[in-house]
Amino acid sequence: MLASGTGSLFKALVQSQDSLGVDIVALIVDAPVPATDIAQASGIPSYLVEVASNRTEWDFQIREILDELQPDLIISAGFMRVLGPQVLAGFEGRIINTHPALLPAFPGAHAVRDALAAGVQETGATVHYVDAGVDTGPVIAQTVVSIDPDDDEESLHERIKSAERVMIIDVVRDILTGKVRYDNGRVVTS
Ligand code: GRF
């Protein structure tokens, strides 16, 4: 898994390993973040790969870790970086991301703030396969979250994250059972 934040989505997946029948083999983070503590408490190895000044090197480093681990699925859960070409080339169709908006609306790092600023009445969350763009890959699932008049960024994001925690687990289950699969840049459901 990939994370950059508090890791509440990562934690939800850690707690669902048995019911999903999966093993989370590692956590990769791009900074010293609280998600690492969750990994440590759960006995999951974590790798800190900081971008520093060289994105190409960063991309190669992550690719090297993934080549060694050979995960069936890579889950970006609050990972605030665009993955590089090495990682994408090696793992196309095996990387999913969860995003706190109804894509294609409000891509990027400030999706919750942008939805509030736009004055929309509902937003939500999206799980999608990752491609080279910023939150542009094929959409697997979405959940709508309504915006309350007194919402601020924090309260709204917490409600969206509650929805994300449920949806990411459902999507992982659907991928494992073959209900959802990736085929040449498209999502196929059966
Ligand atoms: C989620 O809303 C994710 O979509 C976004 O960052 C949040 C991660 O939250 N990109 P957490 O660190 O798992 O609590």
Side-chain angles (χ1 to χ4, degrees), residues 1-17 20 22 24-42 44 46-51 62 71 73-84 87-88 95-118 120 122-148 151-175 180 187:
M1 286 206 43
L2 311 171
S4 304
T6 60
S8 72
L9 276 72
F10 170 58
K11 187 173 182 182
L13 281 153
V14 168
Q15 290 172 338
S16 301
Q17 287 181 106
L20 286 169
V22 300
I24 299 177
V25 291
L27 173 71
I28 298 176
V29 296
D30 61 333
V33 292
T36 315
D37 299 338
I38 298 167
Q40 196 177 7
S42 317
I44 295 170
S46 58
Y47 298 82
L48 170 59
V49 191
E50 287 178 297
V51 179
I62 296 183
L73 186 65
I74 298 163
I75 304 170
S76 158
F79 192 61
M80 304 306 282
R81 305 255 173 207
V82 177
L83 292 166
V87 170
L88 294 174
I95 313 173
I96 60 172
N97 176 52
T98 171
H99 180 77
L102 296 173
L103 293 171
F106 311 119
H110 306 293
V112 180
R113 190 186 309 167
D114 292 347
L116 280 172
V120 292
E122 55 184 31
T123 180
T126 302
V127 178
H128 64 95
Y129 283 105
V130 171
D131 65 10
V134 178
D135 304 319
T136 50
V139 170
I140 303 169
Q142 294 190 304
T143 304
V144 173
V145 174
S146 58
I147 299 180
D148 296 339
D151 261 331
D152 58 18
E153 188 176 348
E154 194 184 339
S155 64
L156 178 57
H157 200 174
E158 277 311 316
R159 277 209 316 292
I160 294 172
K161 288 208 293 187
S162 298
E164 287 183 275
R165 287 192 279 269
V166 173
M167 186 167 54
I168 191 74
I169 290 162
D170 287 346
V171 167
V172 170
R173 186 177 296 110
D174 286 348
I175 290 174
V180 166
V187 176

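Note that ligands are numbered from 1 as they come in the structure, with each ligand's atoms numbered from 1 the same way. Given the structure is predicted, the values throughout are model-derived calculations rather than measurements. Each residue takes its place number in the sequence, starting with 1.
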>> Which option wins on minimum heavy-atom distance to atom 14 (O) of ligand 1: V127, L13, T6?
In response: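 The nearest heavy atom belongs to T6.
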> Judged by atom type as modelled, is there a donor-acceptor pair below 3.5 Å linking the side chain of S146 to the main-chain atoms of E122?
Replying inline: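 Not confirmed, S146 side chain does not pair with E122 backbone.
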> Between the main-chain N or O of I168 and the side-chain N or O of T98, is there a donor-acceptor pair closer than 3.5 Å?
Replying inline: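 Not confirmed, T98 side chain does not pair with I168 backbone.
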Which ligand 1 atoms does [X] reach within 4.0 Å, using its non-hydrogen atoms?
{"X": "P100", "result": "2 (O), 4 (O), 5 (C), 10 (N)"}
{"X": "S8", "result": "11 (P), 12 (O), 13 (O), 14 (O)"}
{"X": "M80", "result": "10 (N)"}
{"X": "T98", "result": "3 (C), 4 (O)"}
{"X": "H99", "result": "4 (O)"}

How far is [atom] from the closest protein heavy atom, and which atom is that?
{"atom": "atom 9 (O) of ligand 1", "answer": "K161 CD, 3.2 Å"}
{"atom": "atom 1 (C) of ligand 1", "answer": "E164 OE1, 3.2 Å"}
{"atom": "atom 6 (O) of ligand 1", "answer": "G78 CA, 3.5 Å"}

Measure the spacing between [atom1] of [X] and [atom2] of [Y] and express it to the nearest 0.5 Å.
{"X": "F79", "Y": "I74", "atom1": "CZ", "atom2": "CD1", "result": "10.5 Å"}
{"X": "E164", "Y": "L9", "atom1": "CD", "atom2": "CG", "result": "5.0 Å"}
{"X": "Q15", "Y": "I24", "atom1": "CD", "atom2": "CD1", "result": "10.0 Å"}

>> Is there a polar contact between ligand 1 and A77, counting only N or O atoms under 3.5 Å apart?
In response: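 N/O-N/O distance below 3.5 Å does not exist for this pair.
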> Looking at ligand 1, does any of its N/O atoms fall within less than 3.5 Å of an N/O of G5?
Replying inline: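 N/O-N/O distance under 3.5 Å: no.
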Tell me whether ligand 1 is touched by [X] - counting only heavy atoms on the residue side and a distance under 4.0 Å.
{"X": "G7", "value": "yes"}
{"X": "I160", "value": "no"}
{"X": "H157", "value": "yes"}

> Do D148 and R159 have side chains that get closer than 4.5 Å, going by heavy atoms?
Replying inline: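 D148 reaches R159 side chain to side chain.
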> Can you find a pair of side-chain heavy atoms, one from Y129 and one from I95, that are under 4.5 Å apart?
Replying inline: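 No - every pair of side-chain heavy atoms lies 4.5 Å or more apart.
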> For E50, what residues pass the side chain to side chain contact (heavy atoms under 4.5 Å, CB included) criterion, not counting sequence neighbours?
Replying inline: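 For E50 the side chain to side chain contact (heavy atoms under 4.5 Å, CB included) partners, ignoring immediate neighbours, are P32, L48.
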> With sequence neighbours left out, what residues match D30 under salt bridge (charged side-chain N to carboxylate O under 4.0 Å, His left out)?
Replying inline: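 D30: salt bridge (charged side-chain N to carboxylate O under 4.0 Å, His left out) contacts with R81.
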